[in-house]
Amino acid sequence: NIFKRYVADKLDMDLEKVKQADLTQLLVRNEASESLISKLQSFVSLIEEVLFSPSSDTITPQKYADVVKLLRDIDTEWVSR
């Protein structure tokens, strides 16, 4: 998926080695800040909520804005490392 590819690119890792279940450990090993880890966990939660929600009205303008802001914050923090 696109998120795994994004993380693999940012961590300079092979895509096959990036597992969502191991995301926190991967980030810790790569010396990610607590703030970055928290933002990525929030991002994953929001995406999963939208993807797996039985309701079709889960993609509200606010949730969309939240996802975009989180992704911008994550990218900014990664660039500044």
Side-chain angles (χ1 to χ4, degrees):
N1 76 31
I2 293 171
F3 179 69
K4 281 177 59 175
R5 187 162 304 188
Y6 174 81
V7 171
D9 180 59
K10 293 298 182 180
L11 296 178
D12 195 25
M13 295 179 68
D14 292 327
L15 181 61
E16 304 83 43
K17 293 182 180 178
V18 176
K19 307 281 186 248
Q20 187 170 330
D22 301 327
L23 183 59
T24 301
Q25 292 86 358
L26 284 172
L27 293 168
V28 168
R29 270 189 262 144
N30 284 276
E31 300 177 359
S33 69
E34 289 293 323
S35 170
L36 181 58
I37 293 170
S38 175
K39 287 174 187 170
L40 279 163
Q41 289 170 332
S42 295
F43 179 78
V44 169
S45 293
L46 276 170
I47 295 298
E48 286 178 343
E49 180 181 336
V50 169
L51 288 175
F52 299 114
S53 175
S55 172
S56 63
D57 63 345
T58 56
I59 307 173
T60 64
Q62 183 59 51
K63 282 192 183 167
Y64 179 81
D66 292 345
V67 168
V68 170
K69 181 181 181 330
L70 270 171
L71 195 52
R72 281 188 187 137
D73 291 348
I74 290 165
D75 213 41
T76 298
E77 191 163 337
W78 241 320
V79 168
S80 68
R81 284 182 38 163

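Bear in mind that the values here come from a model prediction, so they are computed numbers and not experimental data.
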Enquirer: Report the C-alpha distance between M13 and L26 in whole Å, list the side-chain angles of each, state the deciding distance to 0.1 Å, and finish with yes or no for side-chain contact (heavy atoms from CB on, under 4.5 Å).
Expert: CA-CA 10 Å; M13 295 179 68; L26 284 172; 3.4 Å; yes
Enquirer: Between NZ of K69 and CD1 of I74, what distance do you get to the nearest 0.5 Å?
Expert: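 Here the rounded value is 10.0 Å.
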Enquirer: Among all residues two or more places apart in sequence or in another chain, which pass the side-chain hydrogen bond (donor to acceptor under 3.5 Å, both in side chains) test with E34?
Expert: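 Counting only residues at least two positions away or on another chain, E34 forms no side-chain hydrogen bond (donor to acceptor under 3.5 Å, both in side chains).
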Enquirer: Can you confirm whether more than 12 heavy atoms, excluding those of D14, are under 6.0 Å from its CG atom?
Expert: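 Yes, enclosed.
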Enquirer: If you take all heavy atoms of K39 and L70, which pair is closest and at what distance?
Expert: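 So the two residues come closest at O-CD2, 3.8 Å.
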Enquirer: To the nearest 0.5 Å, tell me how far L11 CG sits from L23 CG.
Expert: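 If I round to the nearest 0.5 Å, the distance is 8.0 Å.
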Enquirer: Give, for atom OG of S42 and atom CG of D66, the distance between the pair rounded to the nearest 0.5 Å.
Expert: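 Rounded to the nearest 0.5 Å, the OG-CG separation comes out at 9.5 Å.
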Enquirer: Should L15 and V44 be counted in the same cluster of Ile, Leu, Val, Met, Phe, Trp and Tyr side chains packed under 4.5 Å apart?
Expert: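 No, L15 and V44 fall in different hydrophobic clusters.
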Enquirer: Run the numbers on V18 and R5 for side-chain contact (heavy atoms from CB on, under 4.5 Å), then give the verdict.
Expert: CA-CA 8 Å; V18 176; R5 187 162 304 188; over 6 Å; no
Enquirer: Can you list every pair that meets ring pair (Phe, Tyr, Trp, His ring centres under 6.0 Å) and has a residue in residues 9-38, with sequence neighbours left out?
Expert: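 Matches after skipping sequence neighbours: none remain.
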Enquirer: Tell me whether Y6 is reachable from Y64 by hopping between hydrophobic residues (I, L, V, M, F, W, Y) whose side-chain heavy atoms are closer than 4.5 Å.
Expert: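 Each belongs to a different hydrophobic cluster.
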Enquirer: Does K17 come within less than 4.0 Å of D22, counting only side-chain N to carboxylate O?
Expert: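 Salt bridge between K17 and D22, a charged N being under 4.0 Å from a carboxylate O: no.
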Enquirer: Run the side-chain contact (heavy atoms from CB on, under 4.5 Å) test on T24 and L40 for me, step by step, so that the C-alpha distance in whole Å, both residues' side-chain angles and the decisive distance to 0.1 Å come before the verdict.
Expert: CA-CA 9 Å; T24 301; L40 279 163; over 6 Å; no
